[in-house]
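So the structure is just underneath, and the comments pick up after that.
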Protein chains: 4
Amino acid sequence: MSVEITHFVTSGPDDVTDLGRALHDAQAGGFAPRAIIAKTEGTATINDFSRALARRAIEDCVADRVGREDSVQIILSTGCEGVITPGGYLLSESTSGGIPGLAIGVARSQPLPASSMITMAHSQAAEAVVAQAIAAAGIDTGDVALVLMKSPVLTRLAAVDLPSRQRELANSTALSRGVAALGIAAALGDIDPRELTDEAIGRRDDLYCRRAMVFSGTETQCCEAIVLGNRPGFPVAVRTGIVRDLIDIDGMATIIAPDSQHPIEAARQAAESGRVRAAFLKGGIAPDGRVRGQRTTAFSSDLDPDKHMRAAASGVLAALLGDTRSFISGGAEHQAPPGSGVFTVVMAG
Amino acid sequence: MSVEITHFVTSGPDDVTDLGRALHDAQAGGFAPRAIIAKTEGTATINDFSRALARRAIEDCVADRVGREDSVQIILSTGCEGVITPGGYLLSESTSGGIPGLAIGVARSQPLPASSMITMAHSQAAEAVVAQAIAAAGIDTGDVALVLMKSPVLTRLAAVDLPSRQRELANSTALSRGVAALGIAAALGDIDPRELTDEAIGRRDDLYCRRAMVFSGTETQCCEAIVLGNRPGFPVAVRTGIVRDLIDIDGMATIIAPDSQHPIEAARQAAESGRVRAAFLKGGIAPDGRVRGQRTTAFSSDLDPDKHMRAAASGVLAALLGDTRSFISGGAEHQAPPGSGVFTVVMAG
Amino acid sequence: MSVEITHFVTSGPDDVTDLGRALHDAQAGGFAPRAIIAKTEGTATINDFSRALARRAIEDCVADRVGREDSVQIILSTGCEGVITPGGYLLSESTSGGIPGLAIGVARSQPLPASSMITMAHSQAAEAVVAQAIAAAGIDTGDVALVLMKSPVLTRLAAVDLPSRQRELANSTALSRGVAALGIAAALGDIDPRELTDEAIGRRDDLYCRRAMVFSGTETQCCEAIVLGNRPGFPVAVRTGIVRDLIDIDGMATIIAPDSQHPIEAARQAAESGRVRAAFLKGGIAPDGRVRGQRTTAFSSDLDPDKHMRAAASGVLAALLGDTRSFISGGAEHQAPPGSGVFTVVMAG
Amino acid sequence: MSVEITHFVTSGPDDVTDLGRALHDAQAGGFAPRAIIAKTEGTATINDFSRALARRAIEDCVADRVGREDSVQIILSTGCEGVITPGGYLLSESTSGGIPGLAIGVARSQPLPASSMITMAHSQAAEAVVAQAIAAAGIDTGDVALVLMKSPVLTRLAAVDLPSRQRELANSTALSRGVAALGIAAALGDIDPRELTDEAIGRRDDLYCRRAMVFSGTETQCCEAIVLGNRPGFPVAVRTGIVRDLIDIDGMATIIAPDSQHPIEAARQAAESGRVRAAFLKGGIAPDGRVRGQRTTAFSSDLDPDKHMRAAASGVLAALLGDTRSFISGGAEHQAPPGSGVFTVVMAG
């Protein structure tokens, strides 16, 4: 099995013109659509319904063309600040064609009750769903390059009758991401499961996964996973690494071009020649708001910290690739050490 | 005469600890403070009073240490989104020391009546004040590398009794910048003064200055200018150029290291070695919101376009310099062709 | 023919549970659904897609239950700030039952090209559609109590290639409302059509309709109208009047209880007894931002003026009715004199 | 001793024209300025520096005119949404004149270390400062009508090195208000001090003060109190009560006109005749966001809940008084039962 990855753009959350074309082309080429991961434009506030609209439009489109919508895992992440081009990737599987050696697996948990959220039960749901997705991908845990996960947010309304600690932590997108990342880390063997307690969530900075990107969302009650990995015996198709911080253009370049003496130039050439088929960046800023020792206002302004992160990161990655069509997300809680980030590239040829 | 340029940081708009130290050091070294140009953190909305607070704190600090506050031109620009470190530059003049060949001149117009704003009278006030600042710098127009200008905004309240066109265009920070940039362009000989009419303001994309950065503000009614240039017979100390777009890291690198084969690497080395003493970036996005042909949401989101621009640009420049302490501003109306930007570097040694 | 009006609530833009129940009850009672007018929660920014989501959900719900979705006119208005309860009204028609004497008519124009927007062509489209809706209601112009209209917004993107004046006025929700209100006024005979010119739009404060509420929207390119009126020979069922300003609780009370000596108490009793079946408030603040001679920050803050208006008005009307389930909207351009508003009540019994 | 209370308006945070006039008039009349309590316009975000600017301007103005600025307690509260007129009240004391029987006392705590914030130490500091202010007022605890308090916010930056619970609760203005309100309640004997534990803060809804309004602020590290009360033997000059909810116009009217059969009409007449000298409203919405059983979006939107509350409450109170110049604030944590509010009126004659 091999996987094709195709970028599509959107003119709004409910625009599926380009996605529809991509689905058509995939099917015409004998590929079975497996996953859609997209950035949705919207305000990224609690009353941003852009993802619900996008999901509805995409599900209708998929149902229309593929027939059985459940077979395609959809992960939507809001926030296209800076120079992010709204759009996403379609991942399709086939016995031939596409990128050889690239493996994909998807899975979705049962809906989590509100009382489970931001607790170990939430983490365990994430862990279980990753195990399922890895199995679906047909690879070993060690061959997993990236777990993309959508994790539900405990809303303030849903928390009204919960214990006070959960009430106080409600509406936190950071904790939604963090708790799921701990579960992924457990599934991948990156942390010792005995370390995992309710107390660790959002607090134990030393516990993190190195191969995960988690997105919070109020539009789902489930943990939803897409696993990407490399099949042994093929050239490495997808590579993930920790980057030092949001502005670590060298780190990103080195993940793209690990063997080059001039990684920035090599990365740019790879991008220009079309060999960079997809790029995913999950960037964080340390809790003290500092980058390279200097203060930023990421945690002390009217803008949500994620907006600062996404917008700044979009500049860095677009400068490196000469292209604004990447997948950029903020908030790397328990996904990387505080202040650092995760970068993944899918390459062909 | 030579000029020293020193960066200072702030922990808030009214924090002058580091500036006070810089002023002290300058005076102790025989330098006369001439100008302060700083980025202020704040919401950058019409009810953001951070600049007024910063100005009050800085003026008190200057009055305290320098004695005659009017002799120091202060330009404040709000907006530290992304990874911009709040702070600024102090420029001081001396007969020896500092950066040889770097020239500075400052000037301020009379307060503009509301009825003049966003009209040719506004542009002419900008033009006149630039001529004064150039004269103060003691250089020729051709040796000017950069004009930094603060231009007043016509507020909705001030426009209530004005003609309907001005009323409709009130609160526009883009027009405040654009009209002043036209005046600067006239002063520098970059455009034919006969082209300048009220109708051209904000409309004639082909009219622009190449050596100006303009900042709008409701805290002043005056056009306030700081001119930087190079004295003939010295190594070039300040260099300005047009960059293709917000993500044109090559363009920025080439302005820093014009003679290098590997400009990005050379620029980074210059930054690491401390030779890059100041960097100013004014970035714009074309009115259709596209960057390298792809859509962005800069003009179609809840965030002010300037916030998208500043935040994205902060990532690009910080990635290049490995440092978040630059001066970054959005909105290059009539300062560069639509979609492109202006980049200035001050270098020593 | 008579009309029933039923309130429904929503737990989110795509929640049609209560609306579905209302539709079911209406049909079970022999009523034909004619119109839905609802307030949608969302950010009310240019990238708020809540209306698109709500429209999709409502259209699906209507198609499901009524069969021919086009027969039901849907007007959605975003913004539930303050104490506005998200939800709306279903209006259904029957030969008997409901509120006797209440008349309804709906109509929708062809999509307007961008080049027509904020011009007389836009106004004329509004005028024509009102005439159609009045005819559909089967009443005379003099018996019209209220025209509710959705008017399209000229977006910045759609205006990119238009003349500079339209470009500069793009994204203005105020002008979208104003231009349509002028057309309604012409249709109702409230202003002399010869007064209507492009120059009047947004400028001639003395031209206004007294029986219109207009809502701007990017989700439609059409002018969409719902007309409410009273059939001669029945008790007055729907009453509209100008209120002095946003806080004119006496004015509102008097429209509810025109014959009472103690209108506030009488209005409250009418509300408590269930005789107030619907209330619509369109509130404005004068361009100088003053209310009863005192300054407000409605036009000089980070919040959109409409948010100030809606939230403040929601307090006034909820205080009067003891109920937060009314229809409240900001921005009464050309619908009432500057600073005043329009209030409509539908009463039974 | 008696107290005069004078309203002043501001055209911006640093406008002290009207306050200066009020100070002049007070002193000319033999009154000693004791306190200034004002609403400042600004974004009410963490990077809103309007209060710092206002404080600076007011302190300069007071120092200028009164000489010893410390003798005047200044409490500033941000947020003038809806139809709130920016401005405030000057309270001055004299042996004769003013409102007979009205008593005032002020006090300020030492700065609180970050580690004390949102803990019992914070509450105890509030308690102690209230006791001091009551003593300064020269009245008994039972005669206290209202405690106005400014309480410091634990910022995220200050919390970086604190225990995880404090870190997680950082930036919470609600907890800053709540913890201080518990201390005030203890000082006034409204709750049993043995009930007070760290666990109660923000959690024990049954613990609340009935005579307090607390405002959070990042501009001070101190608890700052202004106590208003009635001297025995005089007509009641200041009256406080709990109002049922934000829209409880009857409750407000009854506090103004407790003996009237038609309290709304009586309250309006009192306002029109100038007998209402000051009105303070602290409004809350229950954690489930419901008002009179119906949903609002106060806790589920992009707007801070306080903005919804202030704006809606401004409509209610302005409708009642026919005047927008009151003091309105949101967030009544531990100051009233969840969902209800506190209303205070100062009356003369």
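Just so you know, these numbers use all the heavy atoms, side chains as well, and skip hydrogens, waters and symmetry mates. Every chain is numbered from 1, with letters handed out A, B, ... down the list of sequences.
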Check: D:Thr45 versus chain B, heavy atoms under 4.5 Å apart: side chain, backbone, both or neither?
Finding: side chain

Check: Are B:Arg56 and D:Asp60 ion-paired here, with the side-chain N under 4.0 Å from a carboxylate O?
Finding: yes

Check: Should we say atom CD of B:Gln110 is surrounded by more than 12 heavy atoms from elsewhere, each under 6.0 Å from it?
Finding: no

Item checked: Atom pair CG/CG of D:Asp302 and B:Asp302 - distance to nearest 0.5 Å -> 8.0 Å

Note to self: For a quick test of reading the model, state the closest non-hydrogen atom pair linking B:Phe49 to D:Gly42 and the distance between them.
What the structure shows: CE1-CA, 4.3 Å

Check: Roughly how far apart are B:Asp48 CG and D:Asp48 CG, rounded to 0.5 Å?
Finding: 8.0 Å

Note to self: Report which part of D:Ala57 has an atom under 4.5 Å of a heavy atom belonging to chain B: side chain, backbone, both, or neither.
What the structure shows: both

Margin query: Nearest 0.5 Å, please: how far is CG in D:Asn47 from OG1 in B:Thr40?
Written below: 12.0 Å

Margin query: For D:Leu162, is the CG atom crowded, meaning more than 12 foreign heavy atoms sit under 6.0 Å from it?
Written below: yes

